2 protein chains.
Amino acid sequence: MTKVKAASTNFANKTALAEECPEVYAANIIGGQWALVICSWLINGKLRFSELKKRLPNISERMLTLQLRKLEEDQMVTRTVYAEVPPRVEYELTPIGYELKPIIQQLEKWGEKHKQLKDATDPF
Amino acid sequence: MTKVKAASTNFANKTALAEECPEVYAANIIGGQWALVICSWLINGKLRFSELKKRLPNISERMLTLQLRKLEEDQMVTRTVYAEVPPRVEYELTPIGYELKPIIQQLEKWGEKHKQLKDATDPF
DNA sequence: CAGTATCCCATTCGATACTG
DNA sequence: CAGTATCGAATGGGATACTG
């Protein structure tokens with residue numbers, strides 16, 4: 001008998017915790033690998049898929065698509081498809097997303113400062 | 001011949017990008033699954049390992065250890081070991097970590113508000 | 001242009017057992 | 001108390017090919 005595996009307790013737990021804990025909730029949304037960076041570009045206005053991709057040179061198309069879908073699901077961005085040829089899709093922050101603007105800007109400032117401090121401390 | 005595998009290009013890319021991009025840098029530090037939540041507890045003062053664990057009921061000891069080590073490496077927290085029996089280890093934010101305090105607090109407020117909006121919108 | 005689908009290796013992470 | 005070590009399952013994420 002090789003043991004019965006516990007299924008995805010993890011997901012259930014995290015969801016349950018998010019119900020009660022705003023930081024966990026926030027972390028689930030902006031804590032992804034790319035969410036914060038994508039939002040930091042979108043706070044300056046709507047962008048097309050290809051424009052985002054240009055600004056995120058290290059992301060694969062697949063990842064960009066997945067992350068945008070997740071942000072959409074989390075009601076952070078809206079996705080607008082224009083029935084044109086060639087097709088055009090624009091992404092824009094929702095009002096909820098725009099409310100992150102001051103936070104993201106502070107985080108950028110913090111990141112810049114911290115980065116310098118660390119670079120200075122850590123010559124490697 | 002089965003193809004030569006690309007090694008960890010991913011890590012190199014992200015590191016290179018972080019050099020130039022404060023949001024990527026910030027996301028790498030506070031964007032983890034638990035970093036933000038851990039910091040949100042530590043902004044109220046130092047805590048022991050077991051106290052953190054109590055406040056993060058869904059995290060495994062292994063994960064808590066790994067995340068704290070990463071935060072230490074990122075110079076976000078200090079780890080102080082007291083040579084006592086039983087052993088005691090305290091974690092505290094560094095000055096750089098404490099600078100996140102207003103940001104974390106805003107993020108909490110945002111999370112709370114957003115959560116309610118989403119709960120109201122999404123009856124599921 | 002803006003994706004979707006599939007394949008598959010790499011990393012993450014929980015469970016469990018053990019230690020100073 | 002505060003970890004470390006190890007092992008599999010689950011997930012992440014790149015490469016590539018294809019589509020409306």
Side-chain angles (χ1 to χ4, degrees), chain A residues 1-17 24 27-28 31-35 37-38 46-72 77-92, chain B residues 1-17 24 27-28 31-35 37-38 46-72 77-92:
Chain A
M1 162 118 95
T2 49
K3 179 154 62 176
V4 182
K5 235 219 9 176
S8 180
T9 46
N10 182 27
F11 178 73
N13 286 342
K14 281 198 303 203
T15 302
L17 192 58
V24 176
N28 281 338
Q33 187 56 240
W34 294 103
V37 191
I38 291 172
K46 58 176 78 163
L47 287 174
R48 307 179 52 169
F49 185 84
S50 55
E51 292 171 326
L52 275 169
K53 190 166 149 46
K54 239 174 289 175
R55 286 163 175 75
L56 272 25
N58 288 299
I59 199 171
S60 63
E61 285 194 6
R62 182 182 124 94
M63 265 303 102
L64 182 53
T65 301
L66 290 177
Q67 292 296 315
L68 285 169
R69 290 290 185 281
K70 180 171 185 303
L71 286 170
E72 210 188 335
V77 310
T78 55
R79 178 174 181 269
T80 311
V81 183
Y82 295 89
E84 304 173 354
V85 175
R88 179 164 54 105
V89 180
E90 285 183 344
Y91 294 91
E92 184 173 17
Chain B
M1 163 117 96
T2 49
K3 178 150 70 176
V4 181
K5 234 221 4 174
S8 181
T9 46
N10 182 28
F11 177 73
N13 286 340
K14 282 199 303 203
T15 303
L17 192 58
V24 176
N28 281 338
Q33 188 55 240
W34 293 104
V37 191
I38 292 173
K46 59 177 77 163
L47 287 174
R48 307 179 51 169
F49 185 84
S50 55
E51 292 171 327
L52 274 170
K53 191 166 149 44
K54 239 174 290 176
R55 286 163 174 75
L56 271 25
N58 288 298
I59 200 171
S60 62
E61 285 193 8
R62 183 183 124 94
M63 266 302 102
L64 182 53
T65 301
L66 291 176
Q67 292 295 315
L68 285 169
R69 290 291 186 282
K70 180 170 184 303
L71 286 171
E72 209 188 338
V77 309
T78 56
R79 177 172 182 269
T80 312
V81 183
Y82 296 87
E84 306 173 353
V85 174
R88 178 165 54 107
V89 180
E90 284 184 344
Y91 294 92
E92 184 173 18

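Here the structure is a predicted model, which means the values were calculated and not measured. The chains referred to below are lettered A, B, ... by the order of the sequence lines, with proteins before strands, and numbering in each begins at 1. Hydrogens, waters and symmetry mates play no part in the numbers below; they use all other heavy atoms, side chains included.
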Given side chains that start at C-beta, do those of [X] and [Y] come closer than 4.5 Å, heavy atoms only?
X	Y	answer
B:I59	B:V37	no
B:R62	B:T65	no
A:V81	A:R88	no
B:L47	B:R55	yes
A:I38	A:V77	no
B:N58	B:W34	yes

[X] side chain N/O closer than 4.0 Å to the phosphate oxygens (OP1, OP2) of [N]?
X	N	value
A:R69	C:dG3	yes
A:T65	C:dG3	no
A:S60	D:dG13	no
A:R48	C:dA2	yes

* Asked: Want to settle it: does A:P87 or A:R62 sit nearer the 5' end of DNA chain D, counting the closest nucleotide to each?
  ->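 This one resolves to A:R62.
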[N] [atom2] sits how many Å from [X] [atom1], rounded?
X	N	atom1	atom2	value
B:E61	C:dA17	CD	P	14 Å
A:K70	D:dG13	NZ	P	12 Å
B:L66	C:dT12	CG	P	9 Å
A:K53	C:dA2	NZ	P	11 Å
B:L64	C:dC13	CG	P	13 Å
B:R79	D:dC1	CZ	C1'	12 Å
B:E90	D:dG3	CD	P	12 Å
A:L56	D:dG13	CG	P	13 Å

* Taking for each residue the nucleotide of DNA chain C with the nearest heavy atom, is it B:Q67 or A:P86 whose nucleotide lies nearer the 5' end? ->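 Closest to the 5' end, via its nearest nucleotide, is A:P86.
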* Report the residue (B:M63 or A:E51) whose heavy-atom-nearest nucleotide on DNA chain C is the more 5′ of the two. =>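 Between the two, 5'-proximity favours A:E51.
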* Asked: To the nearest 0.5 Å, how far apart are CD in A:E51 and NZ in A:K46?
  ->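 Those atoms lie 11.0 Å apart.
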* Just checking A:E84: base, sugar-phosphate only, or nothing, at a heavy-atom cut-off of under 4.0 Å? ->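 Since no nucleic acid heavy atom lies under 4.0 Å of A:E84, the category is nothing.
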* To do: Pick base, sugar-phosphate or nothing for B:Y91, based on heavy-atom distances below 4.0 Å to the nucleic acid.
  =>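 Sugar-phosphate only.
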* Asked: Reading DNA chain D 5' to 3', what string of ( ), [ ], | and . shows its pairs, if Watson-Crick and G-U wobble pairs count only when both distances fall under 3.5 Å?
  -> ||||||||||||||||||||
